[in-house]
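Beneath this line is the structure, given in structure tokens, with notes to follow.
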Amino acid sequence: MNEQMYKSAKELYAKLGVDTDKVLDKLAKVKISMHCWQGDDNRGFLKMSQSVSGGIQVTGNHPGAATTADELRADLDKAFSMIPGKHKLNLHAKYADTEENVDFDELEPKHFENWVSWAKKNGYGLDFNPTCFSHPKSDSGFTLSNADEDIRKFWVKHCIASRKIGEHFGKELGQKCVTNYWIPDGYKDIPVDRLGPRQRLEKSLDEIFAGDIDEKNNLNAVESKLFGIGSESYVVGSHEFYMGYAMKNNKAVCLDVGHFHPTETISNKISSVLMFTDELMLHVSRPVRWDSDHVVIMDDELVEIAHELVRNNLIERTHIGLDFFDASINRVAAWVIGTRNMQKALLRAMLEPVDMLKKAELDEDYTTRLAMLEELKSYPFGAVWDYFCEKMGVPVREDWLAEVKQYEKDVQSKR
Ligand code: RNT
Ligand code: ZN
């Protein structure tokens with residue numbers, strides 16, 4: 001049945017000049033960077049840092065969160081088995097898998113060897129993030145921009161350690177790692193000095209990216225934020241700050257869907273940012289009224305992000321990462337729903353007759369543009385998606401749900 005439906009869909013798209021077979025080959029090559037922190041509510045494994053801070057909030061009490069690295073890897077394997085294609089895992093520093101009681105500034109590649117061998121064995125890539133929160137030295141709310149030189153230096157050391165771990169991942173796995181730097185630094189209330197912390201942040205970043213730095217195996221990205229819980233009035237690492245820093249210092253920008261004004265969209269920023277930097281990192285998320293990090297659904301913004309990447313041929317220069325955490329539903333299901341939605345949105349975009357639409361636009365035929373964009377919404381992309389899942393050997397349509405329920409019963413509920 002799936003094949004039959006695919007055949008008729010293929011004919012319909014062919015009439016628009018879209019070759020669905022080619023589209024599926026293209027889609028199979030797009031790697032999504034799935035974030036580890038959905039699996040355990042952003043707790044991590046380092047002993048001193050198993051609570052979240054920095055304004056990040058995970059709500060819900062669905063049973064079965066992973067409590068060890070082995071459990072997390074089992075959950076990830078389960079999720080990846082229901083997602084078509086080979087992807088990447090985005091790790092945070094506090095997910096070090098080690099018996100040592102190591103502090104953040106002492107982390108080394110050896111503390112992540114279990115992750116590397118697991119990734120190698122399964123053909124996954126790895127991305128990385130320093131954890132500039134969940135630590136007593138972030139209690140003041142300031143890390144890389146802290147006015148206390150000892151604390152600032154501690155976080156610089158942690159970020160250098162993280163960069164080296166990212167470089168190690170890239171080298172070991174033969175695919176470039178993206179190390180993404182996000183810090184929570186900011187003020188709840190209106191500050192007197194907005195400039196000082198930004199000058200200290202710049203100094204810290206310069207120190208992190210100095211010296212022996214391997215940019216072949218590791219891309220460094222910086223993630224901005226407009227405001228957070230506890231930093232409502234002022235965030236040091238704003239969009240303008242990191243745009244400027246990245247342009248000047250040849251780094252990548254990371255755009256998180258939830259880090260801007262509620263009516264501002266990152267889909268409208270992608271084409272601008274990529275005019276002036278080589279590569280881009282995305283944190284695809286879903287803010288509901290605030291940066292709430294709900295599971296990614298097929299909403300207008302997701303579709304628009306995918307269209308921007310596909311229409312402008314920007315996929316190869318963009319690292320698509322996910323960033324959400326919901327503890328009110330099964331955590332493996334959350335990964336599967338969010339990641340498959342990202343892929344489905346890309347598929348919808350790839351099935352669009354871009355040249356025809358661009359021509360209508362240039363001809364000022366906005367009637368055709370609107371009419372076609374609307375008609376395309378009910379074209380049978382679902383049949384193409386189902387066939388893709390079947391071909392890639394993963395559950396078709398909602399069949400994965402029964403597998404998750406079984407896994408919850410057999411594995412997660414026993415934790
Ligand atoms: C926080 C940022 C950041 C984190 C992760 C855990 O607002 O989005 O990317 O969510 O690093
Ligand atoms: Zn993010």
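Order of listing sets the numbers, starting from 1, for every ligand and every atom in it. Below, each value reflects all heavy atoms present in this structure, side chains not excepted, and no hydrogens, waters or symmetry copies. Remember, predicted model here, so these are calculated numbers, not experimental data.
Summarising the geometry of Arg163 relative to Ala210, their closest heavy-atom pair is NH2-O, 3.4 Å, with the distance given to 0.1 Å.
Note that CG of Leu144 is 11.0 Å distant from OG of Ser138, once rounded to the nearest 0.5 Å.
Both tests do not hold together for Lys344 against Phe381: distance to the six-membered ring centre under 6.0 Å, angle to the ring axis within 45°. Because its NZ or CZ atom is both nearer than 6.0 Å to the ring centre of Phe260 and within 45° of the ring axis, Lys269 counts as a cation-pi partner of that residue.
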>> If you apply the rule salt bridge (charged side-chain N to carboxylate O under 4.0 Å, His left out), what do you find for Glu352 with Lys377, and how did you get there?
In response: CA-CA 10 Å; Glu352 190 184 69; Lys377 287 180 180 167; over 6 Å; no
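A salt bridge between Arg331 and Asp41 is present, with a side-chain N of the basic residue lying under 4.0 Å from a carboxylate O of the acidic one.
With sequence neighbours excluded, no residue forms a salt bridge (Lys or Arg N to Asp or Glu O under 4.0 Å) with Lys94.
Sorted by first and then second residue, the ring pair (Phe, Tyr, Trp, His ring centres under 6.0 Å) pairs with a member in residues 39-82 read Phe45-Tyr95, Phe80-Tyr124; sequence neighbours excluded.
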Any protein N/O atoms within less than 3.5 Å of an N/O atom in ligand 1? List the atom names and distances, or say none.
{"from": "ligand 1", "atom 1": "7 (O)", "to": "Lys225", "atom 2": "NZ", "distance (Å)": "2.7"}
{"from": "ligand 1", "atom 1": "7 (O)", "to": "His259", "atom 2": "NE2", "distance (Å)": "3.0"}
{"from": "ligand 1", "atom 1": "7 (O)", "to": "Asp291", "atom 2": "OD2", "distance (Å)": "3.4"}
{"from": "ligand 1", "atom 1": "8 (O)", "to": "Glu223", "atom 2": "OE2", "distance (Å)": "3.0"}
{"from": "ligand 1", "atom 1": "8 (O)", "to": "Asp256", "atom 2": "OD2", "distance (Å)": "3.0"}
{"from": "ligand 1", "atom 1": "8 (O)", "to": "His259", "atom 2": "NE2", "distance (Å)": "3.0"}
{"from": "ligand 1", "atom 1": "8 (O)", "to": "Asp323", "atom 2": "OD2", "distance (Å)": "2.8"}
{"from": "ligand 1", "atom 1": "9 (O)", "to": "Glu223", "atom 2": "OE1", "distance (Å)": "2.8"}
{"from": "ligand 1", "atom 1": "9 (O)", "to": "Glu223", "atom 2": "OE2", "distance (Å)": "3.1"}
{"from": "ligand 1", "atom 1": "9 (O)", "to": "His283", "atom 2": "ND1", "distance (Å)": "3.2"}
{"from": "ligand 1", "atom 1": "9 (O)", "to": "Asp323", "atom 2": "OD2", "distance (Å)": "3.1"}
{"from": "ligand 1", "atom 1": "10 (O)", "to": "Asp323", "atom 2": "OD1", "distance (Å)": "3.1"}
{"from": "ligand 1", "atom 1": "10 (O)", "to": "Asp323", "atom 2": "OD2", "distance (Å)": "2.8"}
{"from": "ligand 1", "atom 1": "11 (O)", "to": "His92", "atom 2": "NE2", "distance (Å)": "2.8"}

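Each of Leu255, Leu274, Val273 was evaluated against Thr318; a single residue qualifies, Leu274, per the side chain to side chain contact (heavy atoms under 4.5 Å, CB included) test.
Inside a sphere of radius 2.8 Å centred on the Zn ion (ligand 2), the protein N/O/S atoms present are Glu223 OE2, Asp256 OD2, His283 ND1, Asp323 OD2.
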